[in-house]
Amino acid sequence: MNKKKKPFLGMPAPLGYVPGLGRGATGFTTRSDIGPARDANDPVDDRHAPPGKRTVGDQMKKNQAADDDDEDLNDTNYDEFNGYAGSLFSSGPYEKDDEEADAIYAALDKRMDERRKERREQREKEEIEKYRMERPKIQQQFSDLKRKLAEVTEEEWLSIPEVGDARNKRQRNPRYEKLTPVPDSFFAKHLQTGENHTSVDPRQTQFGGLNTPYPGGLNTPYPGGMTPGLMTPGTGELDMRKIGQARNTLMDMRLSQVSDSVSGQTVVDPKGYLTDLNSMIPTHGGDINDIKKARLLLKSVRETNPHHPPAWIASARLEEVTGKLQVARNLIMKGTEMCPKSEDVWLEAARLQPGDTAKAVVAQAVRHLPQSVRIYIRAAELETDIRAKKRVLRKALEHVPNSVRLWKAAVELEEPEDARIMLSRAVECCPTSVELWLALARLETYENARKVLNKARENIPTDRHIWITAAKLEEANGNTQMVEKIIDRAITSLRANGVEINREQWIQDAEECDRAGSVATCQAVMRAVIGIGIEEEDRKHTWMEDADSCVAHNALECARAIYAYALQVFPSKKSVWLRAAYFEKNHGTRESLEALLQRAVAHCPKAEVLWLMGAKSKWLAGDVPAARSILALAFQANPNSEEIWLAAVKLESENDEYERARRLLAKARSSAPTARVFMKSVKLEWVQDNIRAAQDLCEEALRHYEDFPKLWMMKGQIEEQKEMMEKAREAYNQGLKKCPHSTPLWLLLSRLEEKIGQLTRARAILEKSRLKNPKNPGLWLESVRLEYRAGLKNIANTLMAKALQECPNSGILWSEAIFLEARPQRRTKSVDALKKCEHDPHVLLAVAKLFWSQRKITKAREWFHRTVKIDSDLGDAWAFFYKFELQHGTEQQEEVRKRCESAEPRHGELWCAVSKDIANWQKKIGDILRLVAGRIKNTF
């Protein structure tokens, strides 16, 4: 039997074994596989199943829901690129290698994202900006209209109809409810009629019988016993009419108190009245509950730690803020009992108490704290009499002799002689106070002051102020040779005592010496410290910055000392000499400038600008022979220099030495021929009215320098002056062939055509010029003005819009655009111009003119100042400023003229039109300024 028994019987089936699978017995299902048939309402086998799972139907619903959660692998849910919408393996187990693979994929995605992140963000940003430009927000589209809302009045705003107001007329226009005050007689009548008596009137028992009602309506208890209008004794009736009369009388009294007895007008100060009202209200800003809470907390702190001074001070201040001053005083006095050694509590008590009581509090404080300086100072402040103050401070110094603050307060109250005696005692008690030593030295004589300062140096060897005061003392007494020695010894001594020499502090001290008038001390300090702590390669740059800083602080002697020291170190540096020369020109005298320039040309003979500055200084002083000699020396140092040749010619022509100027120009043309020399030669003959000679020279010059546009301009202008328009046009056209990028040549040709009435040709010339010279504001401006002068304002506005598109940052175009607008729109246009060209002088000048046209004088003056400060070379700005001051200023016009002459402007449309005119060739800056201002008309 055992041999026939199969070995696997009784053993557990292997993993994954399905019965009948080997013989193909799959594909049919029996009842034993699915269980017996049951109704949906039959209960399940589990007796303890939770609600919702107790019937077979519930279980079937649950299984169906679980099946629905599985993946939907239908073809309709499949995409060729992305596959199935969900994960195909979401129902499978999530193992460690799946987690690792997901981490690797996440890292790769992150890496790839980072590589493209910057480019992607940049692209997105550009796309957003492009989208915003193509489709701006409504807010941006209406920004200019929103600015105009500031001009809408309240009445205009209220008159705007509501959108979609569907209410009827009565609802849209409600009548205000009229309230009429009820007369007092109405109240009196109803008081009488509505009264219910619940007790017997005592008068009825007193006089017997009832009160007889009389036709007059007065209840008369006895004849004449009740005055009409008064309160009836024993009842609560009131006459409202009398109350109204009393109220009116009271109001009349108050108004008469605040009315003017002469004119009867009210003189109530509304601000003062409100201030009086505010003084009646507690000034705390918190809620009552907060104050109660704070009071409770502070009370708890006081009771917990009664010896804590801040608790008492805070409690007193809380009561003071809420208006309970007496409670605050009581609290702080209790605080002084609990904290008698607290300085702050005593000072708070003295502050809260009135005058005499405060003195008593301070006296009590001194008994508890005899060493407190602050309490003594407070005691002195409470005294009104000077003698009493002195007495308090002297008593304080007996107790606290080493307090510098007390000594200073006491010395301030004394006369100079008594102060000197007190200070001599003070420096004994406080030998380390520099202020007391210096104060004593100032009050002593020269000999005694020297002794005092020597003692001070012994006691305080580490303070620089004592040494500087000693140097100032020597300078004040004429010992200037000692000043340098004292400063040098100071540096040595301080270094020996371990003091670091702080260069910035010493320079500040030098500036203070300069302001005090101690020039030698200031220069000695500068020479001693200017080179400390600076690298060799940074010296020049740092020293120039220091000099500029000193000039900004108005310490001119300090700046002069810096330049002198820098020139000793860098004697051959042209830039340093130039800056020193400009400094002397702006802040020094003519003699100091000439002395400096004499030294400068000795060290830098090749620097033409220094020679020219020296010659100009002599010429402006009227010393023409000296200027000639300087230029002769300059020729020797710089042979064949164009600048020096032209300066010599200008010197002779300005002094009416025309023959000498001609000879100089002839020499220059032969030895150093340049386009500028030929131009000056032509101009000299032109202004002398030698037209034939000027034309010959111009032809000769153009043979050598045909690409120099100014020669073509002069040739055309000479022909134009002779009324030879065809020749002038030919000259300009020839010039434009050689110099097509010269804006002035295009402008001259277009104006010539406009002058002879050829408007179409002028317009064509300007269009051609703009094609050859794109983004040229000058040519666009002339095109706009040409149309405006022709009366075609619409075309001018269109051209201006195109010009601003092509040259959006051109100040000269924006300034013209402001005044092309109608008056109400000019302000908005000026705001846009300032946004685009914030620091352009033409825009600033246009804004100043705008304020001038609106009669805003102060603002206009401020903007004119700003314009000439930004660009002092713009002559038009000076001319408008001068014209403005002539109309609205008093003394300012002369100041403007002087500033203009010192600035020497050379540019500007109106300015050049006058200054380059042959008739004005010898005019000075001031004369040109008056001529230009005279041509300006207030048409803007």
Side-chain angles (χ1 to χ4, degrees), residues 243-244 246-260 266-369 372-385 388-389 392 405 409:
I243 292 176
R247 186 177 61 220
N248 292 340
T249 308
L250 185 61
M251 183 60 73
D252 286 341
M253 286 172 59
R254 287 187 179 173
L255 288 174
S256 63
Q257 287 173 1
V258 294
S259 64
D260 190 347
T266 179
V267 291
V268 177
D269 175 18
K271 289 185 179 178
Y273 184 63
L274 290 174
T275 308
D276 291 341
L277 286 178
N278 285 334
S279 66
M280 298 164 64
I281 304 167
T283 54
H284 60 84
D287 189 12
I288 299 295
N289 290 329
D290 294 341
I291 291 166
K292 288 180 178 177
K293 197 180 291 183
R295 196 175 278 136
L296 192 64
L297 284 169
L298 288 170
K299 183 181 178 183
S300 173
V301 173
R302 292 198 309 269
E303 290 174 353
T304 308
N305 190 358
H307 301 292
H308 185 56
W312 295 100
I313 295 170
S315 301
R317 287 187 181 172
L318 177 67
E319 301 300 340
E320 181 191 11
V321 163
T322 54
K324 299 181 178 179
L325 193 57
Q326 191 55 49
V327 177
R329 288 171 181 166
N330 296 340
L331 269 172
I332 202 67
M333 290 312 295
K334 192 172 181 184
T336 58
E337 294 172 11
M338 302 305 294
C339 312
K341 297 297 181 185
S342 171
E343 199 177 50
D344 294 323
V345 172
W346 285 109
L347 288 171
E348 187 70 13
R351 185 183 71 79
L352 288 172
Q353 296 291 351
D356 293 334
T357 317
K359 290 181 187 177
V361 168
V362 169
Q364 197 175 351
V366 166
R367 283 197 291 275
H368 286 282
L369 297 164
S372 173
V373 175
R374 288 166 65 198
I375 288 174
Y376 282 119
I377 294 289
R378 180 65 184 150
E381 287 171 357
L382 286 170
E383 298 292 345
T384 52
D385 185 31
K389 283 180 185 286
V392 169
R405 187 178 174 188

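Bear in mind the structure is a predicted one, so any value in this text is a computation, not a measurement.
- R295 pairs by the salt bridge (Lys or Arg N to Asp or Glu O under 4.0 Å) definition with E319, not counting sequence neighbours.
- Residues V345 and G335 come closest through the heavy atom pair CG1-C, 3.8 Å.
- Rounding to the nearest 0.5 angstrom, the gap separating the CG atom in L352 from the OG1 atom in T357 is 11.5 Å.
- Scanning all heavy atoms of the two residues, the minimum distance from A328 to A316 falls at CB-O, 3.2 Å.
- Among residues two or more places apart in sequence or in another chain, the side chain to side chain donor-acceptor pair (under 3.5 Å) test is passed with Q326 by N330.
- When the side chain to side chain contact (heavy atoms under 4.5 Å, CB included) test is applied to A349, the partners found at least two apart in sequence or on another chain are I332, M333, T336, V361.
- Here K299 contributes atom NZ and L331 contributes atom CG; the two are 10.5 Å apart, rounded to the nearest 0.5 Å.
- For the ring-ring contact (aromatic ring centres under 6.0 Å, His included) test, no residue two or more places apart in sequence or in another chain qualifies with W312.
- Residues S342 and P309 come closest through the heavy atom pair OG-CB, 3.3 Å.
- Closest heavy-atom contact between L298 and A311: CD2-O, 4.3 Å.
- Under the side chain to side chain contact (heavy atoms under 4.5 Å, CB included) criterion, S300 pairs with T304, not counting sequence neighbours.
- A salt bridge between E348 and R351 is present, with a side-chain N of the basic residue lying under 4.0 Å from a carboxylate O of the acidic one.
- Smallest separation of non-hydrogen atoms from P306 and C339: O-SG, 3.8 Å.
- Listed by first then second residue, pairs satisfying ring pair (Phe, Tyr, Trp, His ring centres under 6.0 Å) with a partner in residues 328-359 read W346-H368, not counting sequence neighbours.
- Atoms CE and CG, on M338 and N305 in that order, are 9.5 Å from each other to the nearest 0.5 Å.
- Looking at residues two or more places apart in sequence or on another chain, you find a side chain to side chain contact (heavy atoms under 4.5 Å, CB included) between R374 and E343, D344, L347, S372, R405.
- Every residue two or more places apart in sequence or in another chain was checked for a salt bridge (Lys or Arg N to Asp or Glu O under 4.0 Å) with R302, and none qualifies.
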